[in-house]
Protein chains: 2
Amino acid sequence: MNLKELADHLGLSPTTVSRALNGYPEVKEATRLRVQAAARAHNYTPNAWAKGLATGRAMSIGHVIPVSKTHEMVNPVFGDFITGASEAYVKTGYDLKLTLVSDADEAERYRSLSARGNIDGIILHGPHLSDRRIELLRTLDLPFVVHGRASEMKMDYSWIDMNNTRAFERATELLIELGHRRIALVNGQEHMDFAFRRREGFVAALIRAGIDPDPGLMRAGEMTEELGYRAASDMLQRPYPPTAFLASSMVTALGIRRALEGRGLRLGTDVSVITHDDDLGYLRNGTDVPIFTATRASVRDAGRQAAEMLLQMIRDPSCAPLQTLIEAELILGQSTGPAPG
Amino acid sequence: MNLKELADHLGLSPTTVSRALNGYPEVKEATRLRVQAAARAHNYTPNAWAKGLATGRAMSIGHVIPVSKTHEMVNPVFGDFITGASEAYVKTGYDLKLTLVSDADEAERYRSLSARGNIDGIILHGPHLSDRRIELLRTLDLPFVVHGRASEMKMDYSWIDMNNTRAFERATELLIELGHRRIALVNGQEHMDFAFRRREGFVAALIRAGIDPDPGLMRAGEMTEELGYRAASDMLQRPYPPTAFLASSMVTALGIRRALEGRGLRLGTDVSVITHDDDLGYLRNGTDVPIFTATRASVRDAGRQAAEMLLQMIRDPSCAPLQTLIEAELILGQSTGPAPG
DNA sequence: CGGCCAATTGAAAGCGCTTTGGATGGCCGG
DNA sequence: CCGGCCATCCAAAGCGCTTTCAATTGGCCG
């Protein structure tokens, strides 16, 4: 059933039917009701393309996530982020179009996404320190919001980010207050902006406390369980092993814990661990008592907010770039304690 | 730049340009090259809606994943599945449209997805034992592939599934061969088809070995780390604690391991654990030596295959339902050993 | 040399919707 | 009784592409 058929059926013109359904004022209320009833009865849904063609609105948002050789995985936070974003889209009738692109042809994909005109806006995931995608998107005049920032890009753009620097600074401060001096960082890949900032916060706190950052106590890589295990195992067999770890993700923290337990060290007593916790649905940090002391910020919330920002920008294309900084909370769990001896 | 402009620019008609770009044979090769060059030079990309309107093809696939109150999370396997599917879509120029729906209005969403006509096919995730969505989709005459099956639905439809029953049967057999008699199962929610099948395999193997399945040694729930920890902790303090565990996911297995280590039990020596391993990118089961003995099947592969099946069905709408059963491999790791004493 | 065919290109009619620019008719004040 | 103003409704022109049908060429055969 299409507009015309519905109109014929009602003895009205397509014009009136269209207006009735889209809430235009110049149609009699009685007519509108009649049209709406008929539409429901015949299960009429406007054809999305025809609508798109006619209005120039895509009613769909592109989420682009890069998949490279060195970073093959779809980051697990992505699922939660999207869940949040979806909440916003569903309310407003937008679709979510997912595009995984390999680094190589990324630029091309953006250009074609934008040119094909079937997208009203883009959410960019996983920005690097210096991310050329941002420049590119700015030239495309397509509204976009970055999930994260690119430290080295000084231009103005919309983003939503967790205060990574501050979070890791606070976590480090807590460990220092507990008397730890040899603190290790097991970070994500540091060409990723979030990881870079986390290290900055970590290092800043150390320096402020008069502790020399030890490169041997910093490791970065794809945030797997294995990374945590390996990094911790290596570091623990150094002559002066760390007494505390900072982990960039729960999964990595689990690996660190495995390394500890493997050598008979007790978590929170012999060695302290603080992790960042994205509050993912399937990897909760305990339900009542947190397992790990953690800096926590819900990535799902971030997703919802990012989507709302983008929709806002689509509604009002002239609005200035929106920027949202989310502070992580520092929650105390059972994985931290005073430095031993 | 649109078709007409490009055509004017070239001194050709839109017809010819369209044909040249879409590989129709009735255009002179020299012209085709000229057109293609111009298209590239001007960065021309056809407008997706206009194309959709004209051809009736959406060039996009819907992935629908249910999000309910009791099952709020976007399952982590989903990310990997989609990565695989994307590989197939990118090659063929399809888009991936993601829809998270809450159980309540799920039927409605399908209907409208189909009616709006902006989708060529659907991939259905997370089927329940008796899943009415399958019936619904069949009436919508929109090609679809189910990731998993619905045991209680006897109708014919396309699916791709891992042989859950067989996988857990084999894992159980292995444990029995190792001398274990008290084997526990920590499963996913058993209204989900995959979990139901896993239990069936588990129970079948027990019975065949003359072991009475003990309901106290079976636990089901959202597959979190916490579930593993709680289930294992509870079971281990029973008078006759299990000597082996079967886990439905790596994350759960990590929780079980935590419970073991918490009470000083050694993995693989005091207590054996076998888990199912979806071979997720960010949760590898060790790189060289597997941490856990596991039944393994790549969910990413499944995603790619599912997408290919669906594209196949779209190409040839009359083809019979396609069905693919993937066997998991049983890989030996360090988490299993002979039953103690 | 005329006609037929293959090769190549165009004109124009949609696809289903929105939206501009009228129509139409009832009602008002003058 | 008439011009003007609303309130409603409609015709028709797109939106950018595909595709059917037709036109134009040049080559080749008889």
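Lettering of chains follows the sequences in order, A, B, ..., and the numbering in each one begins at 1.
- The existence of a salt bridge linking A/Arg149 and A/Asp193 is excluded, since no basic side-chain nitrogen approaches an acidic carboxylate oxygen closer than 4.0 Å.
- For B/Thr16, a side-chain nitrogen or oxygen approaches OP1 or OP2 of C/dG10 to under 4.0 Å.
- Put simply, A/Tyr24 has no side-chain N or O that comes within less than 4.0 Å of OP1 or OP2 on D/dT8.
- Of the candidates C/dG16, D/dC17, D/dT18, D/dT18 carries the atom nearest the B/Thr55 side chain, counting heavy atoms from C-beta on.
- When distances are taken from the side chain of A/Ser18 to each of C/dT9, C/dT19, D/dC15, the shortest belongs to C/dT19.
- Between C/dC17, D/dA12, C/dA12, one nucleotide has an atom nearer to the side chain of A/Asn2 than all others, and that is C/dC17.
- Neither OP1 nor OP2 of D/dT8 sits under 4.0 Å from any side-chain N or O of A/Thr31.
- Here A/Thr15 lies in heavy-atom contact (under 4.0 Å) with a base.
- Relative to the side chain of A/Asn47, the nucleotides D/dC9, C/dC17, C/dC15 differ in distance, and C/dC17 lies closest.
- Side chain to side chain, B/Ser13 and B/Thr16 meet the donor-acceptor criterion of an N or O pair below 3.5 Å.
- Comparing atom distances between the B/Lys51 side chain and each of C/dG16, C/dG10, D/dT18 picks out D/dT18 as nearest.
- Rounded to an integer number of Å, the gap from CG of A/Leu53 to P of D/dC17 is 9 Å.
- Below 30°, between 30° and 60°, or above 60°: for B/Tyr157 and B/Phe144 the angle between ring planes is below 30°, a parallel geometry.
- In this structure, NZ of A/Lys4 is placed 16 Å from C1' of C/dT18, rounded to the nearest angstrom.
- Between B/Leu96 and B/Ile82, some side-chain heavy-atom pair lies under the 4.5 Å cut-off.
- Distances were taken from every side-chain heavy atom of B/Ala50 (C-beta onward) to each of D/dC17, D/dC21, C/dT18; the shortest belongs to D/dC17.
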